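Here is the structure we will look at.
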Amino acid sequence: MRKGILSLMAVGVLATGGLTACGDDKADDPGSSGNAKKAKIGVILPDSKSSARWETADRKYLEQAFKTAGVDYEIQNAQNDKAAFQTIAEQMITGGVNVLMIVNLDSGTGKAVLDKAKAAGVATIDYDRLTLGGSAAYYVSFDNVAVGKLQGEGLVKCLTDAKVTKPVIAELNGSQTDNNATLFKQGYDGVLKAKYDSNEYVKGPDQWVAEWDNTTAGTTFEQMLTSTPTIAGVLAANDGLGNAAINVLKKQKLNGRVPVTGQDATVQGLQNILNGDQCMTVYKAVKQEADAAAKLAIGLAKGEKGATSQKVTDPEGKREVDAVLLTPKSITKDNVKDVIDDGYVTVAELCTGDFAAKCAAAGIK
Ligand code: BGC
């Protein structure tokens with residue numbers, strides 16, 4: 001009850017602020033121009049190890065968008081610590097953010113944070129990962145089932161090109177507490193199941209990798225390869241997990257002969273592709289994702305309602321969430337160049353040392 005009144009009051013304050021900001025004559029109301037300044041956006045990134053993207057891409061592009069708009073913002077990284085994640089959120093809320101954007105570490109702590117923000121009248125956005133059972137007003141991400149589908153299709157293409165018959169497939173899934181990992185799996189299992197059912201492929205070991213941890217992925221894949229030495233294709237859910245599998249394959253001199261997938265178009269993933277050790281990666285234009293989320297956040301911070309054209313259903317909360325879902329792109333040796341052309345990775349980062357010649361061969365200058 002109390003919570004309800006508090007949040008109603010807070011919403012009221014936010015709504016009034018919004019009206020003041022857009023409707024009133026600035027000369028009559030000196031407070032109105034100050035209102036825009038009060039807009040403050042808090043962002044919590046999940047970690048810096050499960051993928052390079054969070055620090056090298058998301059932070060950079062979000063910062064650029066907020067700076068361009070001239071809004072006050074704070075971006076922090078929870079470094080895979082759920083307690084720290086919650087503390088950061090509390091500090092941001094008491095520190096006066098009026099929009100909170102999170103990449104949850106799991107739905108439980110994500111929900112706790114979103115509910116607290118909502119009760120304090122802070123607008124919320126689920127960035128990249130949907131918080132199941134959560135209360136975020138918006139969700140900005142990619143079509144994550146499509147990401148998985150590209151991975152499945154990429155692996156099939158590499159195995160077909162290499163003329164491998166009846167390959168045994170190993171699956172290294174992401175973190176089971178990340179809804180995206182579930183969606184990726186849904187996408188690639190859709191492709192692979194057809195191959196298992198028609199007896200073209202053989203289903204091998206299939207495991208989740210807790211917290212997307214790359215070291216755990218290496219240990220897990222080592223055990224997979226020991227118990228199933230015939231593994232002939234690896235569906236790894238992102239570049240970090242893929243790289244962990246490649247390192248194990250290298251020890252058996254199997255790298256390049258067993259195709260491995262990935263995701264995120266990281267420098268490491270792209271270099272593994274140029275080396276012939278990784279079959280493909282999925283490029284998600286994080287700039288588009290960051291720009292879409294920042295646009296929504298800035299609008300919300302000023303008391304406006306954001307415009308989104310898509311919706312997703314939260315399977316746990318059975319709630320429709322307004323969403324922006326962007327389109328991922330498959331990257332193989334043939335189009336690594338596209339990632340460079342899009343400005344996501346630079347030639348200087350990718351084409352270091354031995355990779356200079358490989359870049360040149362792939363048409364990258
Ligand atoms: C993201 C991926 C990332 C993974 C690990 C997922 O939720 O969508 O891009 O590789 O988390 O951080």
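Just so it is clear, the model here is predicted, and its values are computed rather than measured. Numbering of ligands and ligand atoms starts at 1, following listing order.
Glu222 and Val248 make their closest contact through CA-CG1, 3.9 Å (heavy atoms, listed as atom of the first residue, atom of the second, distance). Across every non-hydrogen atom of Thr332 and Asn335, the tightest pair is N-OD1, 2.8 Å. Counting all heavy atoms, side chain and backbone alike, Thr281 lies closest to Asp264 at OG1-N, 3.4 Å.
When only non-hydrogen protein atoms are considered, atom 9 (O) of ligand 1 lies nearest to Asp264 OD1, 2.8 Å. Counting only heavy atoms of the protein, atom 5 (C) of ligand 1 lies nearest to Ser50 OG, 3.3 Å. When hydrogens are left out, the protein atom nearest atom 2 (C) of ligand 1 is Lys284 NZ, 3.6 Å; that is the closest non-hydrogen contact.
The aromatic rings of Tyr127 and Trp54 stand perpendicular to each other, their planes meeting at an angle above 60°, with 30° marking the opposite boundary.
Neither the backbone nor the side chain of Asp239 has a heavy atom within less than 4.0 Å of ligand 1. Residue contacts with ligand 1 for Phe142 are absent, since no atom lies close enough (heavy atoms, distance under 4.0 Å). Proximity of Tyr127 to ligand 1, defined as any heavy-atom pair under 4.0 Å, is not found for any part of the residue.
Close approach of ligand 1 to Trp54 is summarised as follows: ligand atoms under 4.0 Å from at least one heavy atom of the residue are 1 (C), 11 (O), 12 (O). Residue-ligand proximity, Arg129 to ligand 1, at heavy-atom distances under 4.0 Å covers atoms 4 (C), 5 (C), 6 (C), 7 (O), 11 (O), 12 (O).
Checking only distances, Asp47 never comes within under 3.5 Å of ligand 1, N or O to N or O. The distance criterion of under 3.5 Å between nitrogen or oxygen atoms is met by Asp128 with respect to ligand 1.
Counting non-hydrogen atoms of other residues, nucleotides and ligands closer than 6.0 Å to NZ of Lys60 gives a total above 12.
A salt bridge is absent between Lys166 and Glu200; no separation between the charged side-chain nitrogens and carboxylate oxygens falls under 4.0 Å. A salt bridge between Asp161 and Lys157 is present, with a side-chain N of the basic residue lying under 4.0 Å from a carboxylate O of the acidic one.
Of the options Val209, Asn104, Asp178, the smallest heavy-atom separation from atom 7 (O) of ligand 1 is shown by Asp178.
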